[in-house]
Each structure stands twice: as structure tokens, then as C-alpha cells.
Chemist: 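Have a look at this one before I ask anything.
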Amino acid sequence: MVLGYIFIGIVTGLIGAITAAVMGASFWMVGAVYTLVGSFCAATFAGLELLHQARGKTGTFIVPAEETQPILYAGLPVPANLPGPVIRSRGMRTLVVDDDPFILDLLTMIGESNEIGEVVTVASGEAALALLSDPHTIFDNLLFDISMPVMNGIDLCRAVRDLPAYRETPITMLTAMRDVEHMSDAFRAGADDYATKPFDVDQLVERLEAAQLAFAAQGRITGYRGRAGTVAQKFAISSLAQVGAKARGTALPTIDAVAMSNYLTQLPRKDVASVQVLAVNINLIAAYHADPAPQRCAIMLEEIAIAVAAHLGTDQTVMAFTEDGDLLVASVSDALPEARDLEAAINAQLAAAGFADMADAAQGQLIAVGAPVALQGTKDQRAALASSRAIHFAENRAMQKQGGSVVAFLRA
């Protein structure tokens, strides 16, 4: 290959030198043209070959034949029974669902100009659901409009979350609906993020690039959504609660912890003052000592979430389990009761569901509800500030109850 590039340099250099001589150039000028043209052409062809090889190495990866199923490559289905390995594109595939042709064209252009993988567009929820139900087609990122005829984006989001292949796929609602009611419905339906029209193109590009980075990291990082640490590594809070709900054929009224942060961040300014956050501290260690069966702990978490939802209502209430086993609750201020009343309601629900033994193991301190806090700070700060303060109040309440129990024991 190197000899080939040298030969190309010699030939193109001679052509340039002959051309310069015919035009009456001096001997020194002819030599200079020969050297410069030949060197330039040889270096250019060598560089193009290196670039081509580099793009080829980063653009695809090998999937072992026994792990493959029919997938799309260059727009065509690849049979699963092909001999040897199957080559699959590494680029992220985004599905955009909107009934506005202008939005579809705009997002297609944004994807192409910023090289954010492949962007596929459809104009209705029905068409999107049919496409997503096809096992031959896999998308890595989803953008849904809310206001669409027949099937709106929230119903589509809920239906997509019921598809096993898309339970973890990022879903962003891209809509003109900017109010707490639609936002609450969207996040409870399974949305991970929320962007409103007219949207800032640069911010949308940042979101798509973040999704692309997350997609690229999937091969290096594994785990469930909202990976947890400490106590949650044993219980896997979010996943464990979902296990309990699925086992009983119910829908757990909670969202992912990251989605909760996005919800609090994206709340419109006009609704920020009307939303407050509180936390339910759960003594998982005591529950585990009372009954180490993961299934029973899962059902306990479900009962706590159901009790909160029943007491507050679900219309404008969003909940999420944190990594350490706390339940964060965001609701409109008018719906929030006194913390002690909510604590009593949860305890009553747990007793009625047969968790008295866990409550006894925790000496009546299985759960503790902290005082609600208002959303404060800048848009980027409000989620972290409210969550940390709410959890702090719940932990203080748990310590207060523990201190009260010790005093009562000493008096007895």
C-alpha cells in the first residue's frame, strides 16, 4: 500500500512538472512543482485511507451470531440465521412522534446536522406503536408529542412502557402543554424528561447528545434504571417495588428517581409555588430483619406508595423511591395533609395489609413522614434542594420517634 502511494506521488508529480514546463516555467520551478504536487497527492491519498479505516472501526461492532435477532442495518432487515457474525450499526436511533410536519422536518434536520444518529419520524401514536411493536426494529431514544388525535402522547407513553423492549428506553415529551397537570400525567405514564414548544434548539441538541452518550455507555455500564447504593444494593428499591406490583397485577404509582428530578426541574414557573415536596423515611433494615423475603419487602414498598397515593390523590402527585429507600412525594400544596396524618394513614394501610410484624420489629418506627418543603432556588437547583431538605426532615422525624420510644421504654 505504501508503494502504491509513492507511485501515485511520482505520477502526479510528473504530470504537474510536464504541465509547468509546457507553460514555460524555469527548471527550478518545474522541480518545485514536481516535488510539491507529488508529495501533496501521496499524503492526501494516504490520509483519506487512514480516515476511511478509522470510520470503519468506530462505525460498527460485531454481535455474536448466537445473540442476534432480526435487526435493521442500513434500513433493511437482517435474517437471524445468517452464518457467522452480524454487523450492526452503533449509531443511536431516535423515533419522533408528532402530528406537525414542520416539527418532524425540523428534528430530522437537527439530527442530521449534529450527527446524532438516525432520526425516524411518524405522524401518529398508532403508527408509532405499530413500529415499536415490530421486533425487527429497535429504537434507543423516543420523543413524543402530547396533543395528537386518537392516541395522545401520554397514552402512547403508557402503552410503550408495557412493551418489554422499551421499559428502560428514554422517553422525552416534546409538547406545547406546559402545566403541572399534563406534566404529572406524562411522568406517571413513564416519561423521563419534558421539553416544551417552542423549544430552544441548542437545549434540545444537548438532550439528544446526552441520550447519545448514555446509549454509547450501555456497553460499558449495566444495571437497572436509577442504580442504587448502600441499603438499596440489597433491596434494589425501584426494581423491587416494581416486582411486588407486577406480582399482584397492579400498577405501582411511582416513577424513576431521575425522572422525578427532571419533573421538579421542568415545572413551569407559574406552578412552582403551588408544588411542595415531602419524604417518607422507610426503615428497610427493620423490615428485612422481620422478614428477609424480597417478595414481601417488595409488597411492603408497594403498599406504602399506594397509601400515599390514596391519601393525596394521583391527579397532581408524583412519587419516586430514592436510592436509600426514602419515598419522595411531590404534590400541589392544597393536596398535602399534615405529616402526622399521612404517617398515620400509611401505618394503618400497612397494618391492614398484614405488616404488623415488620412494624413490631421496627418498634413502631417502620416509616416516618417529614414536613413538606417548598421548591426554592434556581431551576437547576430546585430538585436537589427540595429533595435533600425533605429527606432531612423525614430522617429527623424518624430520630424523634426513636428518641420517644427510648424515653417510653425507660419510663416503663
Chemist: Does the pair T317 and V329 meet the rule for a side chain to side chain contact (heavy atoms under 4.5 Å, CB included), with working shown?
Modeler: CA-CA 7 Å; T317 299; V329 182; 3.8 Å; yes
Chemist: Is any side-chain heavy atom of P337 less than 4.5 Å from a side-chain heavy atom of L312?
Modeler: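 SC-SC contact between P337 and L312 confirmed.
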Chemist: When you measure from the side chain of R161 to the backbone N and O of G190, does any donor-acceptor pair fall under 3.5 Å?
Modeler: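 Yes; at least one donor-acceptor contact below 3.5 Å.
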Chemist: For R188 and V318, run side chain to side chain contact (heavy atoms under 4.5 Å, CB included): C-alpha distance rounded to whole Å, both residues' side-chain angles, the deciding distance at 0.1 Å, then the answer.
Modeler: CA-CA 7 Å; R188 282 196 304 270; V318 177; 4.3 Å; yes
Chemist: Given V280, which partner from the list L327, L328, D326, I391 fulfils the side-chain contact (heavy atoms from CB on, under 4.5 Å) test?
Modeler: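 The residue from L327, L328, D326, I391 that satisfies side-chain contact (heavy atoms from CB on, under 4.5 Å) with V280 turns out to be L327.
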Chemist: Please round to the nearest 0.5 Å and tell me the distance separating atom OG of S387 and atom CE of M260.
Modeler: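 The CE atom of M260 is 7.0 Å from OG of S387, to the nearest 0.5 Å.
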Chemist: Would V160 and R158 count as a side chain to side chain contact (heavy atoms under 4.5 Å, CB included) here? Give the steps.
Modeler: CA-CA 6 Å; V160 168; R158 192 175 292 111; over 6 Å; no
Chemist: Just by distance, with hydrogens left out, do Q365 and Q402 show a side-chain donor and acceptor under 3.5 Å apart?
Modeler: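 No, no side-chain donor-acceptor pair sits under 3.5 Å.
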Chemist: So, using side-chain hydrogen bond (donor to acceptor under 3.5 Å, both in side chains) as the criterion, who are the partners of N283 when residues are at least two apart?
Modeler: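 Listed in chain order: nothing, the list is empty.
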Chemist: So how far is it from L174 CG to L204 CG, rounded to the nearest 0.5 Å?
Modeler: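 One gets 6.0 Å once the value is rounded to the nearest 0.5 Å.
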Chemist: Is there a side-chain contact between F321 and I282 in this structure, where contact means two heavy atoms from C-beta onward sitting under 4.5 Å apart?
Modeler: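 A side-chain contact exists here, since the closest heavy-atom pair is under 4.5 Å.
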Chemist: Is D193 close to M173 at the side-chain level, that is, under 4.5 Å between some pair of heavy atoms?
Modeler: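 When only atoms from C-beta onward are counted, D193 and M173 do not touch, as no gap falls below 4.5 Å.
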Chemist: Holding to side chain to side chain contact (heavy atoms under 4.5 Å, CB included), I want the full list of residues that pass it with S388, two or more places apart in sequence or in another chain.
Modeler: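 For S388 there are no side chain to side chain contact (heavy atoms under 4.5 Å, CB included) partners, ignoring immediate neighbours.
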Chemist: Not counting sequence neighbours, which residues clear salt bridge (charged side-chain N to carboxylate O under 4.0 Å, His left out) with D357? List them please.
Modeler: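 R296.
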Chemist: Side-chain contact test, heavy atoms from C-beta onward, threshold under 4.5 Å: evaluate it for V120 versus T108 and give yes or no.
Modeler: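 A side-chain contact is absent here, since even the closest heavy-atom pair is not under 4.5 Å.
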Chemist: Applying side-chain hydrogen bond (donor to acceptor under 3.5 Å, both in side chains), name anything that partners R340, two or more places apart in sequence or on another chain.
Modeler: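 By the side-chain hydrogen bond (donor to acceptor under 3.5 Å, both in side chains) rule, R340 matches no residue at all.
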Chemist: Restricting to side-chain hydrogen bond (donor to acceptor under 3.5 Å, both in side chains), what partner residues turn up for H392, sequence neighbours left out?
Modeler: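 With neighbours one apart ignored, the set is N396.
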Chemist: What are the two closest non-hydrogen atoms of G125 and M148, and how far apart are they?
Modeler: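 Nearest heavy atoms, G125 then M148: N-CE, 4.1 Å.
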Chemist: Can you name the residues that form a side chain to side chain contact (heavy atoms under 4.5 Å, CB included) with N141, not counting sequence neighbours?
Modeler: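 So N141 forms a side chain to side chain contact (heavy atoms under 4.5 Å, CB included) with M92, T94, P170, L208, A211.
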Chemist: Locate the shortest heavy-atom distance separating G111 from V119; write the atom from each residue and the value.
Modeler: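 Nearest pair, atom of G111 first, then V119: CA-CG2, 3.9 Å.
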Chemist: Can L104 and V97 be said to form a side chain to side chain contact (heavy atoms under 4.5 Å, CB included), step by step?
Modeler: CA-CA 8 Å; L104 298 181; V97 187; over 6 Å; no
Chemist: According to salt bridge (Lys or Arg N to Asp or Glu O under 4.0 Å), does anything in residues 95-108 pair up with another residue at least two apart or in another chain? List the pairs.
Modeler: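 Matches after skipping sequence neighbours: D98-K197.
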Chemist: Within the distance-only criterion (no hydrogens, no angle test), does the side chain of Y166 pair as donor or acceptor with the backbone N or O of F139 below 3.5 angstrom?
Modeler: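 It does hold such a pair.
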Chemist: Mind checking side chain to side chain contact (heavy atoms under 4.5 Å, CB included) for M151 and listing every partner two or more places apart, or none if nothing turns up?
Modeler: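 M151 satisfies side chain to side chain contact (heavy atoms under 4.5 Å, CB included) with E126, L129, D155, L156 only.
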Chemist: Side-chain contact test, heavy atoms from C-beta onward, threshold under 4.5 Å: evaluate it for L131 versus V122 and give yes or no.
Modeler: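 Side-chain contact under 4.5 Å: yes.
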Chemist: Could you tell me if D179 and H182 have a donor-acceptor pair between their side chains, going purely by distance under 3.5 Å?
Modeler: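 Their side chains do contain a donor-acceptor pair, which is all the 3.5 Å distance test asks for.
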Chemist: Once side-chain hydrogen bond (donor to acceptor under 3.5 Å, both in side chains) is applied, do any residues pair with Q276, and if so which ones, sequence neighbours excluded?
Modeler: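 None.
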Chemist: Does any non-hydrogen side-chain atom of D185 lie less than 4.5 Å from one of I154?
Modeler: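 Side chain of I154 against side chain of D185, heavy atoms only: contact under 4.5 Å found.
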Chemist: Sequence neighbours excluded and cut-off under 3.5 Å, please list the side-chain donor-acceptor pairs for residues 366-379, or say none.
Modeler:
residue: T378; atom: OG1; partner: Q381; partner atom: N; Å: 3.4
residue: T378; atom: OG1; partner: Q381; partner atom: OE1; Å: 3.4

Chemist: Taking salt bridge (charged side-chain N to carboxylate O under 4.0 Å, His left out) as the definition, give me every residue that meets it alongside R397, ordered by chain and number, with sequence neighbours left out.
Modeler: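 Salt bridge (charged side-chain N to carboxylate O under 4.0 Å, His left out) check on R397 returns E343.
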Chemist: Is a donor on one side and an acceptor on the other found under 3.5 Å between the side chain of N281 and the backbone of A398?
Modeler: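 Between the backbone of A398 and the side chain of N281 there is no qualifying donor-acceptor contact (under 3.5 Å).
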Chemist: Quick one: are F187 and D192 in side-chain contact, heavy atoms under 4.5 Å?
Modeler: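 No, their side chains stay 4.5 Å or more apart.
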Chemist: Could you go through residues 263-272 and list every donor-acceptor pair under 3.5 Å that involves a side-chain atom there, pairing it with any protein atom two or more places apart or in another chain?
Modeler:
residue: Y263; atom: OH; partner: S184; partner atom: OG; Å: 3.0
residue: T265; atom: OG1; partner: S261; partner atom: O; Å: 2.8
residue: D271; atom: OD2; partner: V180; partner atom: N; Å: 3.2

Chemist: Quick one: are F144 and V96 in side-chain contact, heavy atoms under 4.5 Å?
Modeler: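 When only atoms from C-beta onward are counted, V96 and F144 do not touch, as no gap falls below 4.5 Å.
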